[in-house]
Every structure is written in structure tokens, then in C-alpha cells.
Amino acid sequence: DQQVKQNSPSLSVQEGRISILNCDYTNSMFDYFLWYKKYPAEGPTFLISISSIKDKNEDGRFTVFLNKSAKHLSLHIVPSQPGDSAVYFCAATRYGGSQGNLIFGKGTKLSVKP
Amino acid sequence: KAGVTQTPRYLIKTRGQQVTLSCSPISGHRSVSWYQQTPGQGLQFLFEYFSETQRNKGNFPGRFSGRQFSNSRSEMNVSTLELGDSALYLCASSSGPDGTQYFGPGTRLLVL
């Protein structure tokens, strides 16, 4: 049973517009969430994280929103750039992230068109 | 700081053989985790080592094992390779408290 779900396998967005990537989770014990970006043949690159005590975290063009009651989080990229084209993974873990066992969604492939 | 390094980057083995993959974490990081990425199953957690002890384990058969050395470097071993073990094996290290894991480039294993 998938504990972390990314229901959109792909997303296409025009350069300069907002990209919104969504993620749902089922395990209410998860209390730390992360987003990673991955290019083919490379390891995932950390983007941004959020603790369950917050509902929003921003870092430059990236903002993550957490809705605990809906068990839903989203990553907003504004403005989107062609270099953002990659696969984005949502990940979740317990114990405030102090232990290294991330549970990943299956990813959303983002294409940003010039 | 240098990032996480993994060796070898590519490996071809035949069924029944065994393989050992190596991971050097970011300097100062004591936690090392291993993941398997396949097209069908995505990124799946294998195990995590912290201070030379296995702290967490995913749902993989006993053919998959690992260890961590006193300098935090880690190895994972897969015995009696099966075709389904063909995957990208990723290692990640973290300094602990905030859970941010930094990944290496991975080892691409092909089992023939």
C-alpha cells in the first residue's frame, strides 16, 4: 500500500507561469516532508522541506504548503523556468526526520516549455 | 564540502552472483541510507545505518545487506542476484536532526 502518492505522473507548464505539484499521504504519523528534484542518471537533489508544525515554507521560487487535516502537501514553483524540467519526488518520514528512512512518492515529471 | 560519492557508477553482473556497492557520505554525516530505484516501484528505502548500527530497515529480502564503518563509509551487498535486482542504487547521507538527506549519483546495476 502506497503511503505517499503523487497522482499526476506528468505536468506541463509554460515558462514564467506557476507550477503546482501535489502529494498525498496516508500515514498520520509522518511529521516531516521533503521535495526532491531528479534528472535522469543523477541522484535526487534536495529542494525544500517542511515540518508538520508548520503549514508553509518558502525558499526563493519554491514554496511548500502542508494541509495536515487533508494529509496533502503541494510544491509551488514561481516563476517556472525551463531548467526546472525534471522529475519531482515528494517524501515523508517520522520522528521529525531524525531517522533516515524516507518514503517516496513515484514522482511527477515536470516539463516547462519556453 | 564534497558531496556523497558512490562507486562504482555502473556494474553488470549475471544471475546468481553477488555484488558490493560503496558509499562515502558527506564529511561529518553519520547517517547513511540506501534506496533502490526501479521504473515500476519508484524509490524504495532499503536500510539506514547510524554510527555503525543498522537503525532502520525496509521491506527487502535478506539477500540485501549492508554495513557501516567507523569513518561512516557504508557498503551494501546483494547476494544471489536476480534479474529483478537491476536498478539504480542510491545512497544518501544526513547529519541527523532535520532529516535532510543528500544523495549520491547512484550505482546503476544491470543483472543479466
Side-chain angles (χ1 to χ4, degrees), chain A residues 1-10 23-25 27 29-54 57 59 62 64 66 73 86-109, chain B residues 3-7 9-10 21 23-26 29-51 53-60 66 68 72 74 87-108 110:
Chain A
D1 181 37
Q2 262 191 284
Q3 297 186 70
V4 177
K5 298 179 186 179
Q6 293 177 257
N7 292 319
S8 299
S10 63
C23 178
D24 297 297
Y25 61 96
N27 189 339
M29 300 298 290
F30 289 145
D31 59 9
Y32 198 78
F33 305 89
L34 307 92
W35 284 94
Y36 285 85
K37 168 180 169 180
K38 188 179 184 300
Y39 295 114
E42 293 183 13
T45 301
F46 170 72
L47 281 175
I48 193 168
S49 61
I50 188 166
S51 164
S52 60
I53 62 173
K54 295 185 175 181
N57 189 25
D59 185 0
F62 302 93
V64 56
L66 175 62
L73 62 155
V87 178
Y88 288 77
F89 290 94
C90 165
T93 188
R94 296 173 61 182
Y95 309 115
S98 62
Q99 298 192 6
N101 54 335
L102 298 178
I103 307 300
F104 283 88
K106 294 205 171 182
T108 296
K109 184 175 183 180
Chain B
V4 178
T5 58
Q6 293 186 244
T7 55
R9 292 294 311 276
Y10 303 93
L21 312 181
C23 171
S24 292
I26 292 171
H29 285 192
R30 295 166 63 191
S31 167
V32 174
S33 299
W34 289 89
Y35 295 84
Q36 180 197 65
Q37 185 183 24
T38 58
Q41 297 300 318
L43 271 157
Q44 291 187 289
F45 170 72
L46 279 157
F47 30 66
E48 183 221 3
Y49 286 86
F50 182 82
S51 294
T53 302
Q54 187 180 88
R55 186 164 64 171
N56 287 289
K57 188 176 190 308
N59 190 25
F60 277 81
Q68 186 179 33
S72 293
S74 177
L88 179 67
Y89 289 89
L90 291 157
C91 163
S93 75
S94 100
S95 57
D98 68 355
T100 301
Q101 293 186 25
Y102 297 90
F103 282 82
T107 295
R108 174 73 63 183
L110 177 62

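Note that this is a predicted model, so its numbers are computed, not measured. Labels below follow one simple rule: chain letters A, B, ... track the order of the sequence lines, proteins then strands, and each chain is numbered from 1.
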>> If I measure from the heavy atoms of chain A, does B/L88 come under 4.5 Å with its side chain, its backbone, both, or neither?
In response: side chain
> Distance from A/N101 atom CG to B/F47 atom CZ, nearest 0.5 Å?
Replying inline: 13.0 Å
> Do you know the tightest heavy-atom contact between A/L102 and B/F45?
Replying inline: O-CB, 3.8 Å
> So how far is it from B/L90 CG to A/K38 NZ, rounded to the nearest 0.5 Å?
Replying inline: 6.5 Å
> For atom NZ of B/K57, is the number of surrounding heavy atoms from other residues, nucleotides or ligands below 6.0 Å larger than 12?
Replying inline: yes
>> Which residues in residues 32-39 of chain B have any heavy atom closer than 4.5 Å to a heavy atom of chain A?
In response: B/S33, B/Y35, B/Q37
> Going from OG1 on A/T93 to CD on B/Q101, what distance comes out if it is rounded to the nearest 0.5 angstrom?
Replying inline: 7.5 Å
>> Surrounding NZ of A/K5 (heavy atoms of other residues, nucleotides or ligands, distance under 6.0 Å), is the total greater than 12?
In response: no
>> Holding to side chain to side chain donor-acceptor pair (under 3.5 Å), I want the full list of residues that pass it with B/T53, two or more places apart in sequence or in another chain.
In response: none
> Closest approach of A/Y36 and B/T100, non-hydrogen atoms and distance?
Replying inline: OH-C, 4.3 Å
